[in-house]
Amino acid sequence: MTWLADIAMLSHGWRRFLLLVVAGAVAGLSIPPLFIVPALFVSFPLWVWCLDGAERGRGWRRLFGPAFTIGFAFGWGYFTVAFHWIGAAFLVSGGIMIALMPFAILALAALIAFFWGLGSALAHLFWSHGPWRIVTLATFVTIAEWARGHVLTGFPFDLLGYALTPTDEMMQITSVIGVYGLTLVAALLAMTPALIWPADGRSLSRRLLPFFIAMAVIAAQLGYGHNRLTGTVSTERTDIAMRLVQPLVYEHADWGNADPVALIDRLLMLSEMRMDPADQGLADITHLVWPESSLPFFLSSYPDALARIARLLPETTTLLAGIPRQQYALDQTQGSGPPFNALMAVNTNGEVIASYDKSHLVPFGEFLPFSQFFLKLGIKQFVPGAEGWAHGDARRRLMSLPNTPAFLALICYEILFSGDLGDTAGAQFILNITNDAWFDGSIGPAQHAHHARVRAVEEGLSLVRAANTGLTFATDPLGRVTGQIEPLQMAVLDVRPHQRLAGTVFSQVRHWPLLIALLAGLLISLVVSRAGRRRAV
């Protein structure tokens with residue numbers, strides 16, 4: 001590996017850029033559901049070694065010079081691999097969108113890579129040539145990951161920490177430090193080979209010490225997870241029984257093709273399905289759940305829908321359905337405004353008794369940033385609606401229905417935002433409805449589902465997830481799957497949420513330990529870099 005370290009440190013220009021793009025692409029193989037974790041240990045040291053040999057610019061090049069380019073190139077490779085599945089949505093839309101697909105993926109990867117580039121540049125300002133330099137880079141990479149998960153509505157897919165959650169045991173640590181805390185750990189561990197090579201005349205035992213420390217950390221993570229899984233009792237609730245419907249609705253891509261009567265027929269047929277002779281259908285079900293976009297039309301366009309739903313529901317059953325909701329303006333001269341992507345609760349009388357409107361919309365999916373510019377190019381948001389979609393009120397995510405334990409309603413990718421889900425203290429479980437049909441045939445649905453499981457572990461809350469084409473499943477508060485429908489299978493699943501656990505460490509302290517760790521990393525970087533400069537003088 002010494003020869004590779006030398007190549008990285010001595011490379012420059014386009015050769016270094018290409019080397020780092022390839023290294024970042026290798027690192028991208030660690031994402032869910034691929035989980036090729038050794039790829040991190042092969043790739044991240046190259047980032048460190050390239051910074052070791054990077055030129056120091058002056059003026060604006062101190063921030064946007066070689067060090068920035070190094071981090072940007074690595075991030076571009078990583079995010080191109082990590083986000084390649086987004087291209088499946090372009091195939092659904094067809095037309096000019098297919099031609100734009102590769103450019104859009106590369107452009108999105110470049111946009112997110114900007115955060116890693118900036119983190120790399122800032123790290124280089126505090127650079128030293130001892131072992132503490134990996135603390136410096138890991139600190140700024142974690143800050144960059146935090147930033148890209150929050151800036152401009154945030155896009156926290158594939159945070160680096162997810163690479164260390166391939167098993168039930170390994171994901172338990174997120175109940176303490178969350179996925180952002182695990183991102184700092186993953187960055188530090190991935191960079192340890194840069195402390196082993198090049199040899200620099202050090203003894204083998206001294207060089208291998210960081211490796212053994214890294215293995216000890218992973219072993220401790222596994223041990224903690226095993227003890228938590230075996231030592232925690234999780235019990236099902238007896239006051240709620242839910243039927244999840246996976247209907248395989250594809251009309252979401254073009255509302256003009258939606259046949260309300262046929263779709264309602266399919267959903268009603270599935271909802272009252274009896275899977276064995278002992279199955280009582282909806283008689284024993286308190287809540288029937290239809291996923292996001294299960295009805296890709298407004299109820300006002302099919303007035304008989306609520307009446308048919310009312311005839312289906314037993315007296316003690318409530319429907320929770322992903323249905324678009326129109327705004328109603330008090331002043332009719334002003335128009336109603338864009339619709340909401342909503343979760344509606346319908347009782348046995350066909351009345352909508354509660355609703356939650358999605359508050360965290362997907363950029364380019366449900367709303368179009370800089371819409372006037374992109375519309376002129378023929379580009380529109382993927383989810384139909386000429387006006388885009390309206391943002392709901394994030395404070396209303398906690399739903400309380402009659403005879404129902406309070407639950408946290410999250411629509412689609414709202415489940416991704418670690419530590420920012422809403423009133424988790426008042427919730428007894430999480431209900432996540434989603435439509436991943438845009439990404440069928442890719443790793444996207446499985447990746448999205450894994451992120452959702454980690455939220456359950458962080459919060460100590462059972463997760464119930466209804467997806468249009470998959471993955472539909474339920475977990476206990478430890479993230480273990482208790483029931484699942486196979487992807488692309490039209491079926492139903494009866495589940496009971498589990499009792500919530502006593503508050504996890506993460507749910508009580510949130511990101512404060514991470515903030516303290518990052519501040520410590522910044523302080524160490526400042527002290528070590530200043531000491532190095534004094535010795536150089």
Selection residues 20-30 - residue pairs positive for side chain to side chain donor-acceptor pair (under 3.5 Å), sequence neighbours left out: none
Between [X] and [Y], does any side-chain N to carboxylate O distance fall below 4.0 Å?
| X | Y | value |
| --- | --- | --- |
| R243 | D279 | yes |
| R510 | E459 | yes |
| R465 | D436 | yes |

Can you tell me how far apart [atom1] ([X]) and [atom2] ([Y]) are? Round to the nearest 0.5 Å.
| X | Y | atom1 | atom2 | answer |
| --- | --- | --- | --- | --- |
| I415 | L410 | CD1 | CG | 4.5 Å |
| T174 | R453 | OG1 | CZ | 10.5 Å |
| L229 | E169 | CG | CD | 5.5 Å |
| L471 | E486 | CG | CD | 8.0 Å |
| L523 | L519 | CG | CG | 8.5 Å |
| L343 | Y356 | CG | OH | 9.5 Å |

Could you tell me whether a side-chain N or O of [X] sits under 3.5 Å from a main-chain N or O of [Y], the two making a donor and an acceptor?
| X | Y | answer |
| --- | --- | --- |
| W76 | L106 | yes |
| R500 | T424 | yes |
| R133 | V48 | no |

Could you check whether the rings of [X] and [Y] sit parallel, tilted or perpendicular, using 30° and 60° as the cut-offs?
| X | Y | value |
| --- | --- | --- |
| W85 | F157 | perpendicular |
| Y180 | H150 | tilted |
| F417 | H360 | parallel |
| Y162 | H451 | parallel |

Under the salt bridge (charged side-chain N to carboxylate O under 4.0 Å, His left out) test, which residues partner R480, sequence neighbours left out? D476
Can you tell me if [X] and [Y] form a side-chain donor-acceptor pair at under 3.5 Å?
| X | Y | answer |
| --- | --- | --- |
| W47 | S120 | yes |
| R228 | Q172 | yes |
| E458 | S175 | no |
| E292 | N341 | yes |
| H450 | T165 | yes |
| T318 | H287 | no |
| T183 | W146 | no |
| S507 | T504 | yes |

Which pair of heavy atoms, one from A27 and one from F44, lies closest together, and at what distance? CB-CE1, 4.0 Å
Hey, is OH on Y224 packed in by over 12 heavy atoms from elsewhere, all under 6.0 Å? yes
Other residues, nucleotides, ligands: >12 heavy atoms within 6.0 Å of D393 CG: yes
Quick check on the 6.0 Å ring-centre criterion: do F506 and H511 meet it? yes
Suppose we call two aromatic rings close when their centres sit under 6.0 Å apart. Are F74 and F72 close by that rule? no
Is there a side-chain contact (heavy atoms from CB on, under 4.5 Å) between T232 and L478 once you walk through the steps? CA-CA 9 Å; T232 303; L478 300 171; 4.0 Å; yes
